[in-house]
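Below: the structure, in structure tokens.
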Amino acid sequence: DLLSCEGDSLAVLEGSGAAVLDQLLGLLRSKDTYTGGDHSRKVASLSRRLAAYFADIEGHKRKWIKQVELAALLHDVGKLMVPWSLLNRVRPLTPRDLAQLRRHALTGEEMLRSIGLTNLAVVAGEHHERPDGMGYPRGKKGTTFEASIVAVADAYEAMTSLSRIYKQPRKRQEALDEVRAGAGTQFDPRIADALEKILLQKTNHGFS
């Protein structure tokens with residue numbers, strides 16, 4: 001699997017690498033509270049739950065779940081290089097604005113490669129790609145399973161977030177319906193199905 005072979009680079013995260021991670025997230029949080037705070041951590045939490053679901057089915061080790069969580073935590077690190085005014089723009093984006101914003105996927109990939117987290121970099125670079133090839137930045141149809149997990153978690157959290165200043169949050173079922181509608185085109189169908197199962201399971205056990 002992609003992330004299971006990260007090797008020494010990931011082992012370092014338990015020591016000085018953890019401090020580097022905290023610094024990166026701290027910088028992102030100071031620039032944009034939504035992206036660097038609630039969003040990144042909620043996407044990481046949901047990605048961990050999705051990874052755990054597939055680990056139970058496919059026999060992945062616990063380390064793989066943690067690595068997917070780390071990849072999700074870092075997926076938007078490239079937004080450090082995007083102007084704050086663009087990240088929080090209320091008015092419609094121009095084509096130039098959109099191109100600049102979308103650059104964050106490649107920038108994040110480059111940043112993570114530069115510190116030796118090569119495989120985590122792949123997830124940062126692919127989390128906006130789509131099965132139908134209509135995503136960005138490369139328009140790839142074939143992406144890693146780990147990036148597909150983060151893509152679903154990222155989209156669901158963005159739709160339901162209470163912290164986005166420029167968009168009203170959607171209700172849980174509305175967001176699930178949209179993910180389901182995008183299965184096979186925007187999202188991996190297996191992960192869209194798993195998202196619904198784990199969230200409805202939580203609801204059925206008495207949690208909101």
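What you see is a predicted model; the values in this text were computed from it and never measured.
Under the 30°/60° scheme for interplanar angles, the aromatic rings of W64 and F145 are found to lie parallel. Between Y136 and H128, the ring-plane angle classifies as parallel under the 30° and 60° cut-offs.
In plain terms, the two heavy atoms of A124 and L74 that are nearest each other are CB-O, 4.5 Å. In this structure, P131 and G184 approach most closely via the heavy-atom pair CB-O, 3.7 Å. Between A72 and V43, the shortest heavy-atom distance links the atoms CB-O, 3.9 Å. Taking all atoms of both residues into account, the shortest heavy-atom contact from S47 to A153 is OG-CB, 3.3 Å.
Note that the CG atom of L176 and the CG atom of L195 stand 5.5 Å from one another [nearest 0.5 Å]. Of the inter-residue distances, the one linking R190 atom CZ with I149 atom CD1 reads 8.5 Å to the nearest 0.5 angstrom. Atom-to-atom distance recorded for Q67:CD and N119:CG is 8.5 Å, nearest 0.5 angstrom. Taken from CG in D154 to NE2 in H127, the straight-line distance is 5.0 Å, to the nearest 0.5 Å. If you take OG1 on T107 and CG on L112, they are separated by 11.0 Å, rounding to the nearest 0.5 Å. The distance from atom NE2 of H39 to atom CG of L73, rounded to the nearest 0.5 Å, is 10.5 Å.
At a threshold of 4.5 Å between side-chain heavy atoms, the hydrophobic network of Ile, Leu, Val, Met, Phe, Trp and Tyr places L120 and I115 in one connected group. Hydrophobic clustering keeps L106 apart from V150 (ILVMFWY residues linked when any side-chain heavy atoms are closer than 4.5 Å, directly or through intermediates). At a threshold of 4.5 Å between side-chain heavy atoms, the hydrophobic network of Ile, Leu, Val, Met, Phe, Trp and Tyr places V179 and L200 in one connected group.
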Go through it in stages, so that I can follow the logic: the residues are M111 and L80, the test is side chain to side chain contact (heavy atoms under 4.5 Å, CB included), and I'd like the CA-CA distance, side-chain angles, deciding distance and then a yes or no. CA-CA 10 Å; M111 291 173 68; L80 276 170; 3.8 Å; yes

Should L93 and L86 be marked as a side chain to side chain contact (heavy atoms under 4.5 Å, CB included) after you check the CA-CA gap, both sets of side-chain angles, and the distance that decides it? CA-CA 8 Å; L93 297 175; L86 183 55; 3.6 Å; yes

Could you check Y156 against R172 for side chain to side chain contact (heavy atoms under 4.5 Å, CB included), going step by step and ending with a plain yes or no? CA-CA 9 Å; Y156 176 82; R172 172 181 290 183; 3.3 Å; yes

Applying side chain to side chain contact (heavy atoms under 4.5 Å, CB included) to V152 and D188, what does each step give before you reach the verdict? CA-CA 8 Å; V152 169; D188 185 315; 5.6 Å; no

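Residues passing the side-chain contact (heavy atoms from CB on, under 4.5 Å) test with S45, sequence neighbours excluded: R48. Among residues two or more places apart in sequence or in another chain, the side-chain hydrogen bond (donor to acceptor under 3.5 Å, both in side chains) test is passed with D97 by R89, T94. With sequence neighbours excluded, the residues that form a salt bridge (Lys or Arg N to Asp or Glu O under 4.0 Å) with R103 are E110. Contacts of R102 classified as salt bridge (Lys or Arg N to Asp or Glu O under 4.0 Å), with partners at least two apart in sequence or in another chain: none. Taking K66 as the reference, E69 meet the salt bridge (Lys or Arg N to Asp or Glu O under 4.0 Å) condition, with sequence neighbours excluded. Residues satisfying the side-chain hydrogen bond (donor to acceptor under 3.5 Å, both in side chains) criterion with R130, sequence neighbours excluded, are D132.
Here the side chain of E129 pairs no donor or acceptor atom with the backbone of E126 at under 3.5 angstrom. For S161 (side chain) and A158 (main-chain N/O), no donor-acceptor pair under 3.5 Å exists by modelled atom type.
Here the options are I65, V68, I191, the test is side chain to side chain contact (heavy atoms under 4.5 Å, CB included), and the partner is F54; only I191 passes.
Contact annotation: the side chain of T160 never approaches that of K171 to less than 4.5 Å [non-hydrogen atoms, C-beta and beyond].
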